[in-house]
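The structure appears right after this line, and notes come after that.
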Amino acid sequence: MSKTSQQNTTTDASGVSVIHTQAHSSGLQQVPQLVPVSPGGGGKAVPPSKQGKKNSFVDRNSDEYRQRRERNNMAVKKSRLKSKQKAQDTLQRVNQLKEENERLEAKIKLLTKELSVLKDLFLEHAHNFADNVQPVGTETPTTNPENSGQ
């Protein structure tokens, strides 16, 4: 089974070549591929919000410009205040965690000392208990008063 395909290349107004491929025998339709015309990649993409503003002249004395600048200045102030507040919150949290860490380390020292004292006490008690217990094979025979009379 042989596959034959046909390619048509067209260039649109933005300088992008579109390659249309049609496979005759497979029955599957292929998606067109976008290929830049220039070998350098076609340049930098421009966001839609900036596309119409490239060549427009802005009058710095207009009310619209003043309103935009005022809104932008307020947004910058708000952003800087928010950033400063976040830094202060982070610093406060760091200080809280340092205090908690110091408190927990002090508690660890106290509990370690307590454990050491209790361990020594236990070992002393275990040693004294071992001294009072006689080994199983060295028990002295005791006479049973019930059996002695018979």
Distance in Å, [X] [atom1] paired with [Y] [atom2], rounded so as to fall on 0.5 Å steps:
X	Y	atom1	atom2	answer
T112	E105	OG1	CD	11.0 Å
K82	K84	NZ	NZ	15.5 Å
L111	K109	CG	NZ	13.0 Å
N132	H127	CG	NE2	10.0 Å
L115	L110	CG	CG	11.5 Å

Residues that, via side-chain heavy atoms closer than 4.5 angstrom, fall in one hydrophobic cluster with F122: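 Via sub-4.5 Å side-chain contacts, F122 links to L123.
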All N/O donor-acceptor pairs, side-chain side in residues 85-101, below 3.5 Å, sequence neighbours left out:
residue: Q85; atom: NE2; partner: D89; partner atom: OD1; Å: 2.9
residue: T90; atom: OG1; partner: K86; partner atom: O; Å: 2.8
residue: N95; atom: ND2; partner: L91; partner atom: O; Å: 3.4

